[in-house]
Undergrad: 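One structure coming up, written as structure tokens, with questions to follow.
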Amino acid sequence: MTHSSFREHVLAVVRAIPRGSTMTYKAVAVAAGNPHAARAVGAIMKTNYDPNIPCHRVVRSDGTPGGYNRGSKRKRELLREEGGVVA
DNA sequence: GAGCTGACATGTT
DNA sequence: CAACATGCCAGCT
């Protein structure tokens, strides 16, 4: 990957999150290769409206849903169906 | 080219 | 226990 930007890696990691599991922004940042880019991960999700990226499976380290393009309410619903457990 | 903003995290007050 | 302040990275103006 010549143009491998951090955002490309983040999107790939989030897209690889198995259904029924959730990852924190920190975990995604680490998985992408930047343990200090938790904030950037959130910014990337916001700027990237890709339906292939289940950003609803990405939560904060506290377990709080955080934000979502289609509304945090929708995110909580999806987490309840896929994660089975909601904070 | 530089500066501001923001879907976060951690520590201290 | 809760609220405030600081540090980090990437994207947009």
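Fair warning: this is a prediction, and the values are worked out from it, not measured in the lab. Letters go in sequence order (proteins before strands), and every chain restarts at 1.
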Undergrad: Rounded to the nearest Å, what distance is computed from the NE2 atom of residue A:His9 to the P atom of nucleotide C:dA10?
TA: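 After rounding, the reported distance stands at 11 Å.
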Undergrad: Quick one: CG on A:Leu11 to NE2 on A:His9, what's the gap to the nearest 0.5 Å?
TA: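 If I round to the nearest 0.5 Å, the distance is 10.5 Å.
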Undergrad: Has A:Lys75 got a side-chain atom pairing as donor or acceptor with A:Tyr68's backbone, closer than 3.5 angstrom?
TA: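 Absent.
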Undergrad: How close do A:Thr24 and A:Ser61 get, heavy atom to heavy atom, and via which atoms?
TA: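 Residues A:Thr24 and A:Ser61, closest heavy atoms: CG2-CA, 3.9 Å.
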Undergrad: Mind calculating the distance between CZ (A:Phe6) and P (C:dC8) to the nearest angstrom?
TA: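 It works out to 15 Å between those atoms.
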Undergrad: Can you see which heavy atom on A:Asn48 is nearest to which on A:Arg7, and at what distance?
TA: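 In terms of heavy atoms, the two residues are closest at OD1-NH2, 3.3 Å.
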Undergrad: I want to verify a distance call: between C:dC12, B:dT10, B:dA7, whose nearest atom is closest to the A:Ser61 side chain?
TA: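 Comparing C:dC12, B:dT10, B:dA7 against the side chain of A:Ser61, the answer is B:dT10.
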Undergrad: For the side chain to side chain contact (heavy atoms under 4.5 Å, CB included) test, which of A:Ile53, A:Val28, A:Val10 pairs with A:Ile44?
TA: A:Val10
Undergrad: From C:dC8, B:dA9, C:dA10, pick the nucleotide closest to the side chain of A:Asp62?
TA: B:dA9
Undergrad: Between the base of B:dA7 and the side chain of A:Asn69, is there a donor-acceptor distance below 3.5 Å?
TA: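 Counting by modelled atom types and ignoring angles, a donor-acceptor contact under 3.5 Å is found here.
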Undergrad: Which heavy atom of A:Ala29 sits nearest a heavy atom of A:Ala38, and at what distance?
TA: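 Heavy-atom minimum between the residues: CB-N, 3.8 Å.
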Undergrad: Between C:dC9, B:dG6, C:dA10, which nucleotide has the shortest distance from any of its atoms to the side chain of A:Lys46?
TA: B:dG6
Undergrad: Consider the side chain of A:Ala43, meaning its heavy atoms from C-beta on, and name the nucleotide among B:dG6, C:dC12, B:dA7 that approaches it most closely.
TA: B:dG6
Undergrad: Rounded to whole angstroms, how far apart are CE on A:Met23 and P on B:dA9?
TA: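 Between P of B:dA9 and CE of A:Met23: 12 Å.
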Undergrad: So which of residues 25-33 of chain A are in contact with DNA chain B, with a heavy-atom cut-off of under 4.0 Å?
TA: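 Within this stretch, A:Tyr25, A:Lys26 sit under 4.0 Å of the strand.
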Undergrad: Can you tell me how far apart NZ (A:Lys26) and CG (A:Asn34) are? Round to the nearest 0.5 Å.
TA: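 Reported to 0.5 Å precision, the distance equals 12.0 Å.
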Undergrad: Tell me whether the side-chain N/O atoms of A:Arg60 come closer than 4.0 Å to OP1 or OP2 in B:dA7.
TA: no
Undergrad: Measure from CD1 on A:Ile44 to P on B:dT5 and round the result to the nearest Å.
TA: 20 Å
Undergrad: Does A:Ala38 reach a base, just sugar-phosphate, or nothing at all? Heavy atoms under 4.0 Å.
TA: sugar-phosphate
Undergrad: For C:dC8, does either OP1 or OP2 sit under 4.0 Å from a side-chain N or O belonging to A:Asn34?
TA: no
Undergrad: Taking the minimum atom-to-atom distance to the side chain of A:Cys55, which one of C:dC9, C:dG11, B:dA7 wins?
TA: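 The closest nucleotide is B:dA7.
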